[in-house]
Every structure is written in C-alpha cells, then in structure tokens.
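Below is one structure, written out as structure tokens, with a few remarks after it.
Note on naming: letters A, B, ... go to the chains in the order of the sequence lines (proteins, then strands), and numbering restarts at 1 for each one.
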Amino acid sequence: MKGWVVFLVLLGGCAPMPESYPIPEQRSLKDGPEPEPLQAFVSFSDTRSPDYVVGGFLPSAPDQFWRWASVSPTVRVRVSEKRGLRLRVNFAFPEESHKPLLPITVRYFVNDKLLEAVVYKQAGVLEFRRPVPSEWLLENADNLIRCEISPVYVAKADGMKLSMIVSELGLERNE
Amino acid sequence: MSAVPYILLGWALTVVACYALGAMFMARLGTVWSREESVALRFVAGAGLYSFLVFLLGIGHLYYRAVFVAVPFILVALAWRMGAFALPAERLDPLPVMWRRVLWLAAPFTVLYLSNAMAPEASPDGAAYHLGLVARYYREHAMVPVTTNFYAALSQGMEMLFLAAYAVGRHSAAAMVHFTYLLALPWLLICFGRRYAMPGAGVTAALLVYCSPVVGIDGISAYNDVAAACVWFAMFMVLRRMEEFPSSRGLVVLAGVLGGCAYGMKYTLFSALLLAAAWVVWVHRGTFLRPLLTLGAAAAPFIAPWVLRNLIWWRNPLAPLFNNWFPNPYVQYWFELDYRRHMSMYSLTSWAQIPMEVTVHGAQLTGLIGPVFLLTPLALLALRHAEGRRLLMAALFALAAYPSNIGTRFLIPALPFVALALGLSLGTVRWVPVAVVAAHAVLSWPNVIPTYASQWAWRLQKVTWKEALRLRSEDNFILSLLPSYGLTRKLEEVVPPGRRVMGFSQLPEAYTNRDFFVAFQSAEGTGLRDMFLTPLTRERQATRQVRLQISAGKRRAVRIVQNRNESGGQWSITEMRIFNGVNEVSRSPHWRLRARPTPHEIQKAFDGSFVTRWITDRGRYSGMYVEVDFGRDELLDRVILNLSPDQPWDSYHVEVPGDGNSWVRVRTDLTLVEVTTPLGLRRAAVEELLLRNVQYLVASASDFGSADLILNRSVWGVDELANVAEVRLYRLLPREEFEARRKSGK
C-alpha cells in the first residue's frame with residue numbers, strides 16, 4: 001500500500017527540471033602532484049616503487065622492503081644516458097619453499113630482448129649483474145625489465161604462484 | 001544443499017503461475033483453440049499477465065521469496081476452482097509419421113539446451129544487466145529507479161518473470177524461464193502447420209528455428225529475444241484465427257494483450273501492435289473502430305507501466321530513446337546518437353556483409369542463425385500461397401526495427417515467419433525440406449560450428465550436465481566464459497556495502513551485491529568518465545581561453561550565445577568567469593545559472609575545477625547559450641571562457657537584458673589566448689569522483705587510462721586492491737588519507 005502511495009505521489013509530482021541553478025561549491029585551484037620522472041633503478045623500500053611495476057608482482061604489505069614476484073615480473077625504468085649501463089637484480093629464493101624446486105632457471109629480458117638465462121642450483125639471497133647493450137635501451141622513455149622464472153612455487157593454500165622475492169632491480173652504471 | 005532443487009522449484013513455480021493465469025484468462029475469452037494450441041498459448045498469454053502482476057508487486061515493495069512461492073499456489077488454486085485447467089476437446093490433425101520421425105532431430109538439441117539453461121548463467125548481457133537489474137530489485141524488495149544504467153529504462157516484461165524465478169532459484173531459474181519459451185515457440189509453429197494443413201512446413205520451421213545456434217544460446221540465457229519471438233508468433237496465430245472468427249471479441253482482446261506484452265518485453269517489438277492494428281482494420285473492414293479500440297485497451301495495461309515509470313523516473317516516457325524530444329539528466333542525446341550509430345553498423349563496413357555474418361561467420365554481429373538460412377530468398381516462393389503472403393507480411397513487420405540494431409539476435413522475432421515461409425516454399429518436393437533441416441541440425445551442432453564459423457561466434461560450446469547438476473564448480477564454469485567474474489567476486493570481498501563502484505566496462509553484476517555501475521551507461525557515468533580522462537587527454541583540457549570584451553556597464557545578467565551550426569560537435573565550457581577590468585566579479589550565492597541545452601550540467605562551468613566541464617548533450621546549433629543572472633546589477637566588461645581545444649573558439653557573442661524579457665546583442669571583441677591548466681589534474685579528477693560518491697574504480701587493461709592508473713597510482717591517490725585477469729579494482733583515497741600519505745612521503 002505504502003508503495004502505491006509513493007508511486008501516486010511521484011506521479012503527481014512529475015515536475016519539469018529546474019530552470020536555473022545556484023553557484024556550486026567552489027574547488028581549490030592550487031596545483032596538485034604530477035608524476036615525477038622515473039629513475040633507472042627501483043628499490044622496493046621506495047614508496048614510489050608501485051609506479052615502476054608493470055605487472056607480475058604480488059601486492060605488498062605496508063612498510064615491506066621486498067615484493068614476491070609471480071611467473072613474469074616486469075618493471076619499467078627510465079635512463080637519460082643509455083651507454084655504460086648494466087642490469088642488477090637483487091632477489092632471493094627462500095630455502096624452505098624453493099629448495100625442492102632447484103634448479104631454477106631465470107631468463108632476464110630488457111625491452112623484450114633476452115639478456116641472459118641463468119640456471120640457479122642453490123637457494124638463498126642472490127644477485128644478478130650483467131652489462132646491457134646500449135642499442136637495446138631508450139633514452140627518456142620507458143625501458144621494460146622482465147624476468148621469467150621456471151619452475152615456480154605454487155602455494156597450497158590459494159594456488160598463488162611465487163617465483164622469487166625481489167628487493168631491488170634496475171639499470172645502474174657499470175663500475 | 002544443492003542449488004538444483006531451488007533452480008527447478010523457482011522455474012516450475014514461475015511457469016505454473018504463468019500457465020494458471022493464462023488458463024483463467026483464456027477461459028474467459030471463449031474457446032476457439034485446440035488442446036495442443038491451448039497449452040502453449042495459456043503459458044504465453046499468462047506470462048504477460050504474470051509479468052504485469054510482478055511489476056505491481058514491485059511497486060508495492062513486495063519482492064520477497066515467500067511472495068513468489070505463495071502467489072503461484074494462489075493462482076493455481078483459483079484456476080482450479082474456476083475449472084480453467086480443463087483442456088478443450090478439439091484436437092488438431094495428427095502429424096504424419098514421417099514428420100514425427102523428423103522431429104527426433106530436436107532431441108539432442110533439447111539435451112544441449114536443457115543442460116546449458118540449468119548450468120550457471122554466464123551470458124554477457126544476462127549476467128550483466130538483465131539479471132543484474134533483477135538482482136538489484138530483489139535486494140531492494142521493490143522496483144527502484146537505477147538511473148546509472150540506461151538498460152533499466154527499457155521495458156522489462158521479461159525481467160519481471162526472471163525476478164519471480166530468481167527469488168527462489170536465482171540465476172539459472174531465470175534462464176530456465178526463457179528456455180520455456182524456447183520450447184513453446186517450435187510447439188506453436190508445429191500447431192500452426194497442423195491447423196492450416198501444412199504440417200511439413202510447420203515441422204520444418206520448428207526445427208529451423210529451434211536448432212538455430214543463436215536461438216539456442218539466446219533461449220537458454222537470461223535474454224528476451226526468443227520469448228519476444230514466441231509472443232510475436234502467438235499474436236500472429238491469434239490474428240490468423242481472427243480471420244476465421246471475425247466477430248470474436250476475445251480474439252481481439254488476446255491479440256491486444258499479446259501485442260502489449262511484446263512491447264513490454266522489448267521496445268523493438270512495437271511493430272507487433274502495428275501489425276495487429278492493421279490486421280484488425282483489414283478483418284473488420286468498415287466496422288473496425290470498436291475492435292481497434294478494444295485492441296488498444298487490451299494492450300494498454302502492458303505498455304502503460306513502462307511509459308509511466310519512465311516518465312516519472314527518467315523524465316522521458318520512451319527512455320532511453322528519443323532524448324531529443326524529452327531532454328533529461330539521465331541519458332544524453334549525444335550518447336543515444338552514438339549508440340544508435342554503433343548498433344546500426346557494429347563493426348561492419350557495409351550492410352552487404354550482413355547475410356554472411358548472420359548466417360555463417362557469427363562474430364561481428366554476435367551469433368549466427370545458421371548457413372541454411374542463406375536459402376531465405378527461396379521463402380519468396382511462398383508468395384504463391386495466401387498463407388505465405390501473410391507470413392512474409394508478418395516477417396516484414398517483425399523486421400521493422402532491425403535496421404536500428406543489426407545484431408543477429410534481433411532477427412529472431414522474424415525467424416519463425418521466414419522459416420515457415422521457407423518450409424512452404426521447399427515443401428513441394430518432400431525430401432528437400434527433410435534434407436534441409438537435417439543439414440541445419442548437423443551444421444548447428446556445437447562441434448560442427450567451428451569448422452565454418454568464426455572462433456569468436458557467440459554460441460553454445462557443449463552439453464554441460466555436470467555444471468547443470470552442480471557436480472562441477474559454478475565459479476570455474478562462469479570464469480571460463482566470463483573472466484571478469486573473478487573481479488566481481490573480489491568486489492564482494494573487499495568493497496564494503498553501501499560504497500559505489502564505477503567501471504569502464506560491463507561486469508557480471510548479477511553476481512555482486514555491491515553498487516556497481518558502468519560509466520558509459522548513463523549521463524552521470526559519462527560525465528564521471530570525462531573527468532577521469534581529462535588529465536590524460538589534451539583535447540579535454542581547457543588549454544584555450546576566449547576573452548569576450550564588451551563595453552563596460554552595469555548589467556543584471558549576461559548571456560554567452562553560440563552562433564555556429566555543427567551537428568557533429570558539442571559545445572563545452574570548463575570554466576566561465578566574469579571580469580570588470582582586472583578584477584574578477586566574485587561568484588555569489590545570489591547568482592542563478594541557466595543554459596540551453598543541458599541546463600542541469602551548467603554548474604560544472606562555475607565550480608572552479610579544471611576536470612569538470614559543461615558539455616551540451618547534442619551538436620552545436622546557433623542560439624545555444626549560457627546565462628548568469630546576478631540577482632542585482634554588476635559592473636562588468638569582459639567574460640572569459642576556458643575551453644578545450646576540440647571545438648571552435650570564435651563563434652560566440654554576448655547578450656544582455658533589454659526591455660522586458662528581451663535580450664540585446666552587444667558588440668563583442670573576441671581574443672584567443674593559449675593557456676596552461678593547473679598541475680595535479682589526476683588527483684583533482686579523483687577528488688571529483690569522491691565528491692560524487694564514487695569510492696572505487698574498476699579498470700580493465702583494455703580501458704583507456706588503465707595503463708596510467710597502473711603506473712601513477714601514487715599521483716592519482718588510489719590503492720590497487722585486486723587484479724583478476726587484468727581487470728583491476730582500485731580504492732580512491734579520501735583527501736585526508738592522500739594528504740597524510742604525501743606528507744609522510746609514502
């Protein structure tokens with residue numbers, strides 16, 4: 001019954017749209033943030049690190065200095081000078097989960113070009129460093145760094161694919 | 001407990017309620033039908049009546065499971081008491097043995113269809129809006145306005161039936177109701193053939209329609225095309241019978257009810273009523289006025305609810321169409337034009353592609369009716385018969401709205417007539433129609449279709465008994481057909497009830513209780529999308545400033561009038577400011593803003609934001625204006641418009657009030673200055689969304705702006721909460737949280 005009353009009231013109140021409108025609430029004109037230029041190297045302790053991630057990483061907890069990677073973690077970095085650079089990736093294979101998976105192959109790509117495929121026969125904290133041909137890189141544009149890891153650990157609880165723990169990666173000057 | 005008993009119960013209760021209502025209704029109209037015809041006609045007519053009843057229940061806030069269990073029992077009891085279930089004594093001539101055998105071709109399709117109808121509902125539109133809206137109404141226990149989705153403004157006769165079934169058996173029960181029409185339609189075709197001494201044509205048509213791939217997948221989904229075709233054909237049967245019983249008022253009433261129901265199911269079936277009216281005039285030549293009025297009066301109750309609802313809720317009785325006649329804040333005329341343009345071409349380059357697309361390929365126009373329908377021109381041979389001429393005339397009416405949407409499923413209402421005419425044409429040599437239907441059955445089987453059709457054709461894949469009986473995971477089945485279903489489940493997990501989520505593409509909304517809306521489906525959403533895209537597209541940013549200099553003087557009001565006719569482009573103003581010398585005339589609460597057209601958006605040109613803009617909802621025409629009434633005299637000599645560069649800048653002049661209500665054009669000097677916009681438009685856009693009560697955003701990888709959102713989350717001020725199959729869910733950070741994070745450097 002109530003619904004019918006509402007319906008009839010609405011029917012009776014079927015008015016045209018207002019003819020004029022007041023001045024709305026005014027917005028502030030102050031400048032806000034803009035994306036800053038990305039750097040050549042990303043550390044997951046950096047609060048801007050999400051801006052470098054293109055895909056293949058699991059969400060991180062607050063104040064976490066590393067990220068779990070999935071099968072194909074990818075980041076973008078930018079360089080202003082493309083000569084004399086090398087790729088560095090600092091990562092780890094946790095003993096408990098990854099030891100049974102060994103050997104693990106990691107293929108490192110820069111802008112979709114295979115830099116190297118490394119077979120790791122031990123777990124623990126690891127580092128990869130290798131010079132990158134300058135002709136592979138773009139100056140002042142996004143350069144994609146991708147790792148492909150096989151095999152990966154599949155979490156029993158939720159089926160999540162965990163390949164490695166990454167703390168930092170990117171391009172740095174050859175020393 | 002398994003969902004299966006509930007699915008069957010929800011379906012059975014709905015169908016029984018329809019049948020009982022139909023039986024009571026037809027008992028009052030007098031008997032001119034055979035036993036075989038009555039069974040299907042009672043269901044079809046009763047479904048229209050039950051749909052109307054469910055609408056009324058919604059207005060009365062009575063959408064509860066108990067109601068949809070009790071009502072069918074009450075209707076059955078009433079029908080029983082009236083003796084309405086008794087079937088007529090007349091029987092149609094039996095089918096010849098050969099045609100009975102040919103009918104076995106339908107058996108494997110019935111298994112295919114039943115298993116898929118009972119399987120979890122995973123059709124794109126069914127899971128998105130047909131059942132998405134049903135689920136919303138059921139949650140609210142009432143018909144409620146959903147002005148963020150223009151599909152909610154379409155007539156929803158079929159959705160009312162879905163709702164009755166959904167209340168008990170959820171999504172699959174609703175799809176099963178549509179499946180009932182899929183069974184009723186060929187049954188009626190066979191009855192028609194038997195009554196008019198063309199049983200072969202009837203069986204041929206029934207099989208051509210029933211086995212057709214697009215009819216199959218549509219009819220087992222929570223769509224409405226097969227039901228609409230069934231109602232259309234039932235109405236045609238009534239009209240045909242009217243010729244034999246011209247004095248039967250009951251037949252006129254029944255035709256009116258079915259014609260009204262057709263409109264109530266699908267706007268595009270308005271031509272059913274036109275056909276009925278033409279038929280009535282023809283049959284009652286000379287004395288047609290009274291039967292014509294009867295027809296209109298019988299149809300009106302099934303049309304009026306939707307017209308009135310739209311008038312009240314959408315300010316447009318024909319919403320979401322004809323927004324140029326009924327401007328409203330909910331659907332933009334500009335969008336309507338765009339939508340119509342798209343629907344009349346899809347991604348085709350020429351209408352000459354339609355025959356092959358709808359019969360063989362099936363990808364561009366979403367589905368295929370089957371290669372055998374390439375024989376359709378042969379249906380013209382049926383013009384030799386009086387029956388054939390009637391059928392082809394009805395087919396023409398059924399196709400009347402097809403040019404407005406050339407999707408394959410929009411051919412379904414015409415299919416029964418074309419198939420019958422084809423059956424008549426082929427019937428001269430008996431083995432020919434048998435060979436044709438056999439070939440059609442083989443070519444329409446799911447395993448065979450990929451050998452000739454596009455891999456993207458919308459079609460059934462296989463028999464799905466395990467999914468139907470819920471022996472396999474419901475989630476996995478839906479995910480395999482609708483990958484974005486995973487994100488829908490995430491919405492349930494991470495978005496608190498009461499929050500609004502905007503997406504740029506459809507999601508299977510029927511599977512979430514959260515308030516999700518798609519940006520392109522409403523004027524509000526389109527405006528919000530425009531704000532979101534402004535930081536990303538230069539064409540939307542106000543990088544031009546047009547200064548309109550007039551002689552200094554005190555004015556009570558000022559109007560900026562646009563002078564150009566250009567139907568292909570809209571006029572937009574990001575900000576409009578008024579100056580006296582170097583000083584801006586302060587915006588005051590006394591000001592009143594007016595605009596023509598699109599007055600309801602005009603505040604966006606006066607809010608100080610560079611991501612909101614007033615945009616006309618139609619192309620530019622001379623005389624469009626924006627007006628500020630100061631409420632008192634103000635000294636001014638200049639108006640500044642901040643405009644986006646995607647429009648002309650030199651087609652304006654200023655008018656001021658003259659004597660009485662007139663406006664006087666004043667000499668206006670225009671200058672253009674290129675300017676920059678404030679920094680931080682990304683965050684400004686997010687703040688606008690928050691101000692408009694949108695707290696979450698869903699973007700898939702293919703949505704424009706998605707990449708920027710991924711890479712610049714901290715600048716937008718959003719948190720990524722989920723990423724399922726490249727569809728991402730973001731939470732928009734409230735201003736305090738955003739600023740706190742920036743202060744702490746996070």
Could you tell me which portion of [X] (side chain, backbone, both or neither) has an atom closer than 4.5 angstrom to a non-hydrogen atom of chain A?
X        : answer
B:Leu721 : neither
B:Thr612 : neither
B:Arg592 : both
B:Pro329 : both
B:Phe326 : neither
B:Asn328 : backbone
B:Glu688 : side chain

Exercise. Identify the two heavy atoms, one from B:Arg587 and one from A:Gln26, that lie closest to each other, and give their separation to 0.1 Å.
Key: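 Reported closest heavy-atom pair: NH1-OE1, 2.9 Å.
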Self-check item: Non-hydrogen atoms of B:Gln603 and A:Ile23 that approach each other most closely
Solution: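 Taking B:Gln603 first and A:Ile23 second, the nearest heavy atoms are NE2-C, 4.4 Å.
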Quiz item: Picking from B:Asp629, B:Ile602, B:Val715, B:Leu679, which has the most non-hydrogen pairs under 4.5 angstrom with chain A?
Solution: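 Most heavy-atom pairs within the cutoff with chain A belong to B:Leu679.
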Exercise. Ignoring hydrogens and angles, state whether a donor on the side chain of A:Arg27 or B:Ser609 is under 3.5 Å from an acceptor on the partner side chain.
Key: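 There is no such pair between these side chains.
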Might you confirm whether atom [atom1] of [X] has over 12 heavy atoms from other residues, nucleotides or ligands at distances under 6.0 Å?
X        : atom1 : answer
A:Gln39  : CD    : no
A:Arg78  : CZ    : yes
A:Lys82  : NZ    : yes
A:Lys99  : NZ    : no
B:Arg735 : CZ    : no
A:Glu96  : CD    : no
A:Arg83  : CZ    : no

Practice problem: Determine whether B:Trp591 and A:Pro22 make a side-chain contact, defined as any pair of heavy atoms from C-beta on separated by less than 4.5 Å. | Solution: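 The answer is no; the side chains never approach within 4.5 Å.
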Quiz prompt | B:His600 vs A:Tyr21 side-chain heavy atoms within contact, under 4.5 Å | solution =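 They are in side-chain contact.
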Self-check item: Chi angles and distances behind the side-chain contact (heavy atoms from CB on, under 4.5 Å) call for B:Ile710, A:Arg76
Solution: CA-CA 12 Å; B:Ile710 294 168; A:Arg76 59 164 185 168; over 6 Å; no
